[in-house]
Amino acid sequence: MPKKIVIVGGVAGGATAAARLRRLDEDCTIILLERGPDISFANCGLPYHIGGEITRRKKLILQTPNSLGRRFALDIRTRHEAIAIDRAAKTIRARDLESGREYDEPYDSLILSPGAEPIRPPLPGVDHARVRTLRNLGDMDQIKQLVDDGAQTALVVGGGFIGLELAESLRHRGLDVTLVELLPQVMPPLDSEMAAPLHIELERAGVKLLLGDAVTEFDGQGEQHVAVTLRSGTTLTVDLVALAVGVRPESNLARDAGLELNQRGAIIVDDRMRTSDPSIYAVGDAVEVADAVLGGPVMIPLAGPANRQARIAADNICGRSSRYRGTQGTSILRVFNQTAALTGLSEKTLKQRGTAYHKVYIQTKHHVGYFPGGRQLLIKLLFAKETGRVLGAQIVGPEGVDKRIDVLALAVQTGMTVGQLEQVELAYAPPFGAAKDPINIAGFVATNLLRGDIECVYAEELDAAARADWTIVDLRQASELTSGGIPGAISIPLPELRERWGEIPRDKPIALCCTTGQRSYYAYRTLKQKGVACKNLMGGLTVFYYTHAGGPEVASWPAPPKCGA
Ligand code: FAD
């Protein structure tokens, strides 16, 4: 008997699973139930249509029910909601949302890919028509309509991926945009000092940032405006509110069917994407998976994992033995002229998990400096203390971020060490990279640290309270000192060090600094060989600024460092 497979959800995971099933089994019956009117649309592209970069709406519809159904012989039922599963009878109850008719559909295997819904905090006034969330084409149309109809001011609530993409898109459309974020930083998966350049970029682009604050109330001011009150007491009136405060797995169907869920409501699956019922698979934003780096459960709602998991579920239903290796959270985001990307574990996660790690920062151009257009990258590399295994990386810069994060994502995935990064052979010609690519340089710096060729002090160890215990030597040229620096530092430009090193007092530990940490590393090597104990400020004054941004340590600086200059 040919198998009958029912899929719930027809976008990233659901549509991928359906197509894969058909490629593996020409005879099975595949029924796809999708509650909304569309399937297989590009949710990741939605903010860019609002912003006007993707001009034609229909480009976002990758397949229609008709085109996908015909190509893969699928029975696609849009506007059909799955409302209950009878696991004993192996049937799923569906409701036709047009007619209201309900019916039971038998299955041999079931795949759940219901995704995650935007969280709407239960705040007074949250149901106002101008307080919107963004998940599907209908949501996008409504936000875009408000902008097309003349909205001039917007509040974006939440500084994660979707909030930042919306802030950028709404600015592109000329709106006056304010972004409020509960945490003291945007893009929470990044470590705070790596988010600091994004704050600078958002403000440069005209987004008003309200960090460490939260909405407490919305109040309709007629139909055209929303008055918003924040926890700090700040009030503002805007034409549009975009809520982007996170997502919650859509797992009611699974819960009601008695499938095992975690505490946050995500469906628990094994590495074949099987739920606690072996006939039911689940994939995508609704599931908990393994952390690919250190193991343990994680929930990371991203399109790539959803697609790969769907393929694995389909493989297993068709008798193949495919296994999901886990998710490492590789992601990337454009924020106006900057790009931020990460893979693997962040420093804050490593701390939470009690894992021993080292970190290094590298600042270098994305291609050779002598070829026009080279832009500075800031790379943070995290690696295991004993073995040097790469555990995570974060990169911010205007160009070349995507290439480096993808290389580092593979390094994390394959368990490479920082020593192996020294040896990585990457494509090079002057417009594209450097004979010593930023990835190689990250490997050199990290390996120097592991081998003891450099000792470091970190920006957080040199805050105002701790600084009195250090002698700080600034190796920059005198002309650079006007751009800010650590108060009380002794200035000895690097070219003068061999003549003047005797001036450095030895009664306290010595910290060496320059803009990026490169010249101070050269100074470290010189001084070390002369028998002077010292440490290099890792990441230089740039990372010092980002670490202490907004604090007294950098209050006297005339301007932030130019990220990507
Ligand atoms: P979805 O693609 O959300 O599909 C779930 C579908 O199931 C929905 O259409 C829903 O209507 C349907 N459904 C739910 N319950 C039922 C039911 N009971 N009956 C019938 N149908 C049901 N990820 C990235 O990696 N990079 C990005 O740049 C990126 N940008 C994004 C931008 C936006 C605005 C959004 C919303 C998401 C973005 N994502 C991005 C996340 C990515 O889209 C998701 O991780 C991915 O779509 C998850 O796939 P899924 O199949 O689990 O859920």
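Counting starts at 1 for both ligands and their atoms, following the listed order.
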More than 12 heavy atoms of other residues, nucleotides or ligands under 6.0 Å from [atom1] of [X]: yes or no?
X	atom1	value
R56	CZ	no
F336	CZ	yes
Q152	CD	no
R120	CZ	yes

Based purely on interatomic distance, does [X] place a nitrogen or oxygen under 3.5 Å from a nitrogen or oxygen of ligand 1?
X	value
G13	yes
L302	yes
A82	yes
A12	yes
A286	no
D285	yes

Closest non-hydrogen protein atom to [atom], residue and atom name please, with distance?
atom	answer
atom 10 (C) of ligand 1	E34 OE2, 3.5 Å
atom 41 (C) of ligand 1	P301 O, 4.1 Å
atom 4 (O) of ligand 1	V11 CB, 3.4 Å
atom 3 (O) of ligand 1	R135 NH2, 3.4 Å
atom 32 (C) of ligand 1	N43 O, 3.4 Å
atom 23 (N) of ligand 1	A303 N, 3.3 Å
atom 20 (C) of ligand 1	R35 N, 3.3 Å
atom 17 (C) of ligand 1	V8 CG1, 3.5 Å

Checklist line | H80 near ligand 1 by a heavy-atom separation under 4.0 Å | finding: yes

Notebook entry, point to check: In Å, rounded to the nearest 0.5 Å, how long is the span from OG of S276 to CZ of R87?
Noted result: 5.5 Å

Check: If you round to the nearest 0.5 Å, how far is CG of L377 from NE2 of H367?
Finding: 10.5 Å

Answer with side chain, backbone, both or neither: which part of [X] has a heavy atom less than 4.0 angstrom from an atom of ligand 1?
X	result
L33	backbone
I162	side chain
C44	both
E250	side chain

Within a distance under 4.0 Å of any heavy atom of [X], pick out the atoms of ligand 1 and give their elements.
X	answer
A306	48 (C), 49 (O)
G9	6 (C), 7 (O), 12 (C), 21 (N)
G284	52 (O)
L134	34 (C), 36 (C)

Margin query: Tell me the nearest of S331, A310, S113, S251 to atom 5 (C) of ligand 1, using heavy-atom distances.
Written below: S113

What's the shortest heavy-atom distance between [X] and [Y], and which atoms?
X	Y	value
D271	I312	O-CG2, 4.1 Å
R35	R135	NH2-NH1, 3.8 Å
D291	L294	OD2-N, 3.5 Å

Notebook entry, point to check: Does the side chain of D104 come under 3.5 Å of the side chain of T91 through a donor N or O and an acceptor N or O?
Noted result: no

Indicate yes or no: does [X] engage [Y] in a salt bridge with an N to O separation below 4.0 Å.
X	Y	result
R264	E288	no
R173	D148	yes
E201	R204	yes
D315	R20	yes

